[in-house]
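Quick caveat: nothing in here was measured; it's all calculated off a predicted structure. Within every chain, numbering begins at 1; the chains are lettered A, B, ... in the order of the sequence lines, protein sequences first and strands thereafter.
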There are 2 protein chains.
Amino acid sequence: MASSLERRTGISLWRQIADQILHSIAVGDFAENAALPPEVALAERYGVNRHTVRSAIAALVQDGVLRAEQGRGTFVLSRKRLSYPIGARTRFSEGLQGQASERRSVLLESAVEPASRRVAEGLGLAKGSSVIRLETRGEADGQPVSRATGWFDAARFTGIDAAMAETGSVTASLERFGIGDYLRQSTVLSARHADAADLADLDLQPGAIVLVTVAVNVTPDGQPIQFAETRFPAERVELKLSPL
Amino acid sequence: MASSLERRTGISLWRQIADQILHSIAVGDFAENAALPPEVALAERYGVNRHTVRSAIAALVQDGVLRAEQGRGTFVLSRKRLSYPIGARTRFSEGLQGQASERRSVLLESAVEPASRRVAEGLGLAKGSSVIRLETRGEADGQPVSRATGWFDAARFTGIDAAMAETGSVTASLERFGIGDYLRQSTVLSARHADAADLADLDLQPGAIVLVTVAVNVTPDGQPIQFAETRFPAERVELKLSPL
DNA sequence: TATAATTGTCTACATCATTATACAAATTTG
DNA sequence: CAAATTTGTATAATGATGTAGACAATTATA
């Protein structure tokens, strides 16, 4: 029951406790709007000082997960995650229909650059070929839910950055280049701690986790058109794999 | 280039640096058997004192990721992540063929219990129906790479725990119940910090991240037979989504 | 209205993390 | 062999984290 804490690991006790409380909420041990056990009880359960528990709670209050009220207690706020579908026909805006009323994709930056080995392999080009890089952020109800870096063959998709800026949609932009349909060829999934850039772009707190997908989109006849790496904040998004 | 570090986050600088070095190795910035940049250079790159870098390196040496030699340098040991395929026909041992010479699944615990709401919905049973729970750990070359909790209808699969203990394989166990083939119906993916149980079972350090899949396996005619939650250590495993 | 329960604030101190220097020990290089 | 490079060790100072105890402020309860 009392999930134990580890010392001297580079992770402070208050952060370990905050993570465990987050997990308890996700698993349903603490329901939405319910009161957390009092600080003294939590301190005893975890075998630490009350102030250490308070540090953990303070961090979660800062994150908007908990609300503390003097004299009453500490309460759980809503924390339901979006479910983002991934399958052969993954599209950003369609995927979140019904889960968020307002959703959009914002172009943060674009550039033309030589392809790295990884990008060149993904797109089936020679290393160093000219590619267009698009940096975008997906938002649902005003909150960032994804952060993507996408690469396109610059020779074939000249001006896709302008189209992206105008339409705010990869699907719509590709249509201008005569691509009415595209499929996801491969997806590799991993997870890591958010780096400084992720924290800023996705509005996360240090220590947050991001889910990372690396994917190749192809035309129906198998020609690679986009290589993309997308970061999702794990606390706000889960990925639902659709059986095609 | 210099991925910046965050202070006052409850995660010590040396652990953040250790995580980034691990990531650099996984991404291929530091090849296997190659020398890391000297401690002084790393300290400058991260904007910290040399001793802080040394703490990070010491932790990775302890984990068997690096080897330090006085007067020569610090070297990368083998540390490639396993790529675990996920698709319609996900099988543990088959999936890792060619990536690890020795792989097996160990039954840690089994029990008969009433189905929770979540499990009942997944298996298409009434809540509270009797189900068999199997706790297993997947290992590749002696190192834990997965930790699964699986549920089966107790009425239909009486004795599957014994079969699992004997064969060490879900596929082989299901064959004894006349199920020669099964498909993955749905998979939901998320990520979180490992809890105390994960840390112990998967031999991880606090602060480690686990990828979590929640899946339902069905017979070819669509009858649910298994509901499972599997945790993968993100530092050792990536998931490769196979287009059906 | 008094009492209990709970969160908020304060002070003092111990331990861990980080910085700053200096030098030793082992290895490679010229 | 001498010099340069690199990891290993030691010491001291400072800031962040964790412990301990006391009391204030707010809310619920008898």
Exercise. Calculate, to the nearest 0.5 Å, the distance between atoms CZ and OG1 belonging to A/Arg67 and A/Thr74 respectively.
Key: 9.5 Å
Quiz item: Taking atom C1' of C/dT28 as reference, at what distance in whole Å does atom CZ of B/Phe75 sit?
Solution: 11 Å
Practice problem: Output the single nucleotide from D/dG18, D/dT19, C/dG8 whose closest atom is nearest the side chain of A/Trp14. | Solution: D/dG18
Self-check item: A/Lys240/A/Glu238 ion pair, N-O < 4.0 Å
Solution: no
Quiz item: Using a cut-off of less than 4.0 Å, is there contact between a side-chain N or O of A/Arg54 and OP1 or OP2 of C/dG8?
Solution: yes
Quiz item: Tell me: CG of A/Leu5 to P of C/dT15, nearest whole Å?
Solution: 19 Å
Quiz item: Does D/dT19 have OP1 or OP2 sitting under 4.0 Å from an N or O in the side chain of A/Arg7?
Solution: yes
Exercise. Kindly indicate whether the side chain of B/His51 and the base of C/dA17 share any N or O donor-acceptor pair separated by less than 3.5 Å?
Key: no
Quiz item: When you measure from the side chain of B/Gln16 to the backbone N and O of B/Glu6, does any donor-acceptor pair fall under 3.5 Å?
Solution: yes
Practice problem: Give the rounded distance in Å between these two atoms: CD of A/Gln16 and C1' of D/dG18. | Solution: 13 Å
Quiz item: C/dT7 phosphate, OP1 or OP2: any side-chain N/O from A/Thr74 under 4.0 angstrom?
Solution: yes
Quiz item: Does a side-chain N-to-carboxylate-O contact under 4.0 Å join A/Arg147 and A/Glu229?
Solution: no
Quiz item: Looking only at side chains, do B/Ser55 and B/Arg15 share a donor and an acceptor under 3.5 Å apart?
Solution: no
Quiz item: Quick one: B/Glu39 CD to D/dA4 P, roughly how many Å, whole number?
Solution: 20 Å
Quiz item: Within the structure shown, what part of the strands sits under 4.0 Å from B/Val40 by heavy-atom distance: base, sugar-phosphate, or nothing?
Solution: nothing
Quiz prompt | Interatomic distance, A/Arg67 CZ vs C/dG8 P [rounded to whole Å] | solution = 12 Å
Quiz item: With respect to the phosphate group of D/dT7, does any side-chain polar atom (N or O) of B/Arg72 fall under 4.0 Å of OP1 or OP2?
Solution: no
Quiz prompt | Minimum-distance nucleotide to A/Leu13 side chain [options: D/dT19, C/dT19, C/dT7] | solution = D/dT19
Quiz item: Taking the side chain of A/Pro38 as heavy atoms from C-beta outward, which of C/dT6, D/dT19, C/dG8 is closest to it?
Solution: C/dT6
Quiz item: Taking atom C1' of C/dA17 as reference, at what distance in whole Å does atom CD1 of A/Ile11 sit?
Solution: 14 Å
Exercise. Calculate the interatomic distance between A/Leu36 atom CG and C/dT6 atom P; express it in whole Å.
Key: 12 Å
Exercise. Kindly say if B/Thr52 contacts the phosphate of C/dT19, meaning a side-chain N or O under 4.0 Å from OP1 or OP2.
Key: yes
Quiz item: With no hydrogens and no angle check, is any side-chain donor or acceptor of A/Arg192 less than 3.5 Å from a backbone partner on A/Leu211?
Solution: no
Quiz item: Quick one: on DNA chain D, does A/Gly47 or A/Gly71 contact a more 5' nucleotide (nearest heavy atom)?
Solution: A/Gly47
Self-check item: Side-chain-base donor-acceptor pair under 3.5 Å for B/Arg50 and D/dG8
Solution: yes
Quiz item: Quick one: which of D/dG18, D/dT7, C/dG8 gets closest to the side chain of B/Gln70?
Solution: D/dT7
Self-check item: Spacing of B/Glu69 atom CD relative to C/dA25 atom P, expressed in whole Å
Solution: 19 Å
